[in-house]
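Please read the structure below before turning to the comments.
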Amino acid sequence: MCGITGWVSFGRDLRSEQATVDAMTETMSCRGPDDRGIWLSEHAALGHRRLAIIDLPGGRQPMAVPTPDGPVAMVYSGETYNFTELRAELAGRGHRFDTDSDTEVVLHGYLEWGDALAERLNGMYAFAIWDSRVNKLVMIRDRMGIKPFYYYETPDGVLFGSEPKAILANPGAEHTVTLDGLRELFAFVKTPGHAVWEGMREVEPGTVVTVSTQGVRTTRYWTLRTRRHTDDQASSVAHVRELLDDIVRRQLVADVPRCTLLSGGLDSSAMTGIAAAQLAEHGETVRSFAVDFVGQTENFVPDELRGTPDTPYVHDVAEKAKTEHQDIVLNSDELADPEVRSKVIRARDLPMGLGDMDASLYLLFKAIRGHSTVALSGESADEVFGGYKQFFDPEAQRARTFPWLVQRALHLADNSVLNPELSRSLDIPGYIQNAYDTSIATIERLDGESDFEWRMRKICYLHLTHFVRILLDRKDRASMAVGLEVRVPFCDHRLVEYVYNTPWSLKTYDGREKSLLRGATSDVLPQSVVDRVKSPYPSTQDPKYVVNLRRNAREYLSNPHHQVFDIISRDWLAAEVEVDSPALNQNGRRGLERTLDLALWLDMYKPTLKLS
């Protein structure tokens with residue numbers, strides 16, 4: 001797991017641009033604290049920061065292979081979980097290896113198969129290869145978009161990086177955000193390819209982007225396709241378990257300490273139980289970590305999203321799986337600390353407005369990094385197996401919009417917090433509708449599929465191609481900001497494809513959410529978790545957190561000319577911060593968090609806002 005960046009210019013000699021490439025590379029230092037390297041040639045420059053996971057002494061980058069027609073060089077971020085099989089196949093074809101790293105296997109795979117290498121990879125990855133034999137840059141991203149990857153076209157080439165900050169460190173990239181960028185920021189729909197910054201694009205998941213003197217070309221090597229499911233219930237449950245056993249076994253491979261993220265929900269508990277059983281076969285004990293808040297368990301009050309606190313269930317799992325467990329307990333001062341908020345904004349390059357949920361994730365990962373370098377997460381199981389409340393809400397099932405937006409106030413600040421004039425210009429509802437219509441137009445319907453199954457297929461598809469990418473990006477940025485690699489077993493494309501095409505009636509065969517996952521893993525779960533109702537990532541209920549939010553936001557009211565009021569309604573903010581009660585409705589709380597995030601982002605990045 002690493003940070004990558006680079007610059008291709010067909011109109012200048014980049015061998016004299018080492019200082020700029022160094023600056024781009026150093027923005028990725030948190031992603032790769034263990035090593036750094038750059039590679040310069042006439043028309044291509046590559047930069048790399050390394051987090052050493054496999055073959056600690058042998059996996060240095062950038063990595064290059066000489067050929068009779070010129071070198072082929074690569075910078076790579078991620079993990080290829082089937083590299084052992086690929087290495088054996090390549091060795092059988094005459095390739096010779098100098099290291100034990102998956103990076104070298106991927107590079108030789110390109111030499112053997114070219115762009116078609118992507119179809120053979122199982123893993124999470126974002127990598128760029130400069131092929132000097134044909135003066136071409138090849139950028140490849142994993143199928144689910146687990147690893148971030150951005151590029152920015154220039155008049156004579158392209159800039160690229162794991163994160164926008166690497167690209168923005170180059171003087172050739174403008175720091176501009178237009179109305180369209182703000183629409184993406186506030187819509188919460190994660191349009192594929194959209195990067196918010198003007199002129200910047202994401203390498204879309206499952207694609208290959210090539211850059212040559214003929215321009216930039218994108219080809220798709222994977223998409224979520226509709227296929228008929230022929231397995232019965234017992235076979236489906238058994239196949240899910242078979243896949244999970246293989247996936248977890250592969251993702252436990254590392255030359256550094258590993259652990260699991262444990263929330264006490266079905267997803268992380270199942271993954272932890274399987275990992276613990278597999279490691280026990282070798283006499284090892286899995287470490288597990290959970291986040292908690294001071295007083296949360298003792299003073300928990302159920303709400304519309306969360307019916308139970310996590311900690312009792314976490315401890316039940318830790319006891320059954322015999323993990324070496326630790327709770328990371330956070331307080332409200334930490335969660336509301338402007339310095340922590342600044343680090344989260346810096347990690348994400350954008351003000352996402354998820355407040356304490358972003359801050360706690362960052363602080364959790366920071367604490368874990370003191371013990372482990374690799375963590376397995378239950379992220380994405382809700383999208384794969386159908387775990388969220390909106391999957392079961394008749395209104396969301398019928399709605400012609402993204403289902404997670406139907407009950408938006410439960411999760412996010414609504415757009416009443418915006419400057420009214422800006423809100424009219426943005427037309428967020430129209431933007432969301434267009435994004436929705438564009439997305440569902442690509443979904444294939446099975447012959448004979450019932451209207452209800454078709455509606456549920458669309459809901460599943462939208463979660464797997466939009467919503468999950470919001471959470472994967474959040475996970476990646478928070479973890480890599482502290483040099484922690486987080487792996488996501490439930491994003492293995494084999495599992496995603498199989499479960500996506502399982503009819504909704506089978507996904508819920510016992511009348512509950514995530515029936516397939518529960519049935520496949522009940523043997524490794526305590527009964528309390530088997531019976532538990534879905535509860536999202538925790539959020540603090542401490543009233544002191546709201547008091548801290550109001551205090552921090554009040555400071556901006558004393559500066560009426562702050563750029564944040566080009567976006568946020570000053571009248572709205574004044575009304576929210578002057579409320580005497582420590583209580584705050586969900587929309588008000590998320591609105592304050594969004595305001596603080598925006599203000600810090602504007603101060604930190606100083607973007608040029610084009611609001612007309």
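Keep in mind that what you see is a predicted model, and the values were worked out from it rather than measured.
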Gap separating the [atom1] atom of [X] from the [atom2] atom of [Y], nearest 0.5 angstrom:
X: Leu471; Y: Asp476; atom1: CG; atom2: CG; result: 12.5 Å
X: Met604; Y: Lys165; atom1: CE; atom2: NZ; result: 9.5 Å
X: Met24; Y: Asn170; atom1: CE; atom2: CG; result: 5.0 Å
X: Leu418; Y: Phe186; atom1: CG; atom2: CZ; result: 5.0 Å
X: Thr5; Y: Asp22; atom1: OG1; atom2: CG; result: 11.0 Å
X: Asp310; Y: Gln296; atom1: CG; atom2: CD; result: 8.0 Å

Electrostatic pair [X]-[Y], nearest N-O below 4.0 angstrom:
X: Lys190; Y: Asp473; answer: no
X: Asp393; Y: Lys389; answer: no
X: Arg36; Y: Glu26; answer: yes
X: Arg589; Y: Glu576; answer: no
X: Asp180; Y: Lys610; answer: no
X: Asp597; Y: Arg590; answer: no
X: Asp333; Y: Lys544; answer: yes
X: Arg400; Y: Asp437; answer: yes
X: Glu578; Y: Arg550; answer: no

Check: Quick one: does NZ or CZ of Arg570 land under 6.0 Å from the six-membered ring centre of Phe565, within 45 degrees of the ring axis?
Finding: yes
Notebook entry, point to check: Should the pair Arg201 and Phe160 be classed as cation-pi, given the thresholds of under 6.0 Å to the six-membered ring centre and 45° from the axis?
Noted result: no
Item checked: Criterion side-chain contact (heavy atoms from CB on, under 4.5 Å) against Ser9, the qualifying member of Val158, Leu159, Asp156 ->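 Going through the options one by one, the only one that passes is Asp156.
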Any heavy-atom pair between the side chains of [Y] and [X] that's under 4.5 Å?
X: Pro351; Y: Arg594; value: no
X: Ser612; Y: Ser425; value: no
X: Arg12; Y: Trp7; value: yes
X: Ser360; Y: Thr540; value: no
X: Ile167; Y: Met200; value: yes
X: Asp267; Y: Asp382; value: yes
X: Asp337; Y: Asn548; value: no
X: Ile568; Y: Leu422; value: no

Short question: side chain of [X], backbone of [Y] - any donor-acceptor pair under 3.5 Å?
X: Glu593; Y: Asp356; result: yes
X: Lys475; Y: Glu379; result: no
X: Ser372; Y: Ile368; result: no
X: Arg143; Y: Gly206; result: no
X: Glu184; Y: His194; result: no
X: Arg49; Y: Gly3; result: no
X: Arg183; Y: Leu426; result: yes
X: Arg141; Y: Lys147; result: yes
X: Tyr537; Y: Leu361; result: yes
X: Lys606; Y: Asp603; result: yes

Next item on the list: Report the C-alpha separation of Thr311 and Asp292 in whole Å, then their side-chain angles, then the decisive distance to 0.1 Å, and conclude whether the side-chain hydrogen bond (donor to acceptor under 3.5 Å, both in side chains) test is met.
Entry: CA-CA 7 Å; Thr311 300; Asp292 196 8; 2.9 Å; yes
Note to self: Using side-chain hydrogen bond (donor to acceptor under 3.5 Å, both in side chains), reason through His466 and Ser439 one step at a time and then give a plain yes or no.
What the structure shows: CA-CA 9 Å; His466 290 261; Ser439 186; 3.0 Å; yes
Notebook entry, point to check: Judged by modelled atom types alone, do His48 and Asp35 share a side-chain donor-acceptor pair under 3.5 Å?
Noted result: no
Item checked: Ring centers of Tyr545, Phe293 separated by less than 6.0 Å -> no
Item checked: Aromatic centroids of His325 and Phe289 separated by under 6.0 Å ->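 Centroid separation for Phe289 and His325: 6.0 Å or greater.
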Next item on the list: Check step by step if ring pair (Phe, Tyr, Trp, His ring centres under 6.0 Å) holds for Trp404 and His463.
Entry: CA-CA 9 Å; Trp404 54 90; His463 278 85; 5.0 Å; yes
Is atom [atom1] of [X] surrounded by more than 12 heavy atoms (other residues, nucleotides or ligands) closer than 6.0 Å?
X: Lys458; atom1: NZ; answer: yes
X: Gln433; atom1: CD; answer: yes
X: Glu339; atom1: CD; answer: no

Next item on the list: Start with the C-alpha distance between Tyr313 and Ser263, add both sets of side-chain angles, then the distance that settles side-chain hydrogen bond (donor to acceptor under 3.5 Å, both in side chains), and finish with yes or no.
Entry: CA-CA 8 Å; Tyr313 300 92; Ser263 72; over 6 Å; no
Item checked: Identified ring pair (Phe, Tyr, Trp, His ring centres under 6.0 Å) counterpart of Trp197 within the set Tyr152, Tyr151, Trp601 ->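 Option passing the ring pair (Phe, Tyr, Trp, His ring centres under 6.0 Å) with Trp197: Trp601.
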Check [X] against [Y] and note the closest heavy-atom contact, atom names and distance.
X: Leu51; Y: Glu485; result: CD2-N, 4.0 Å
X: Cys2; Y: Ser77; result: O-OG, 2.9 Å
X: Val577; Y: Ala553; result: CG1-CB, 3.8 Å

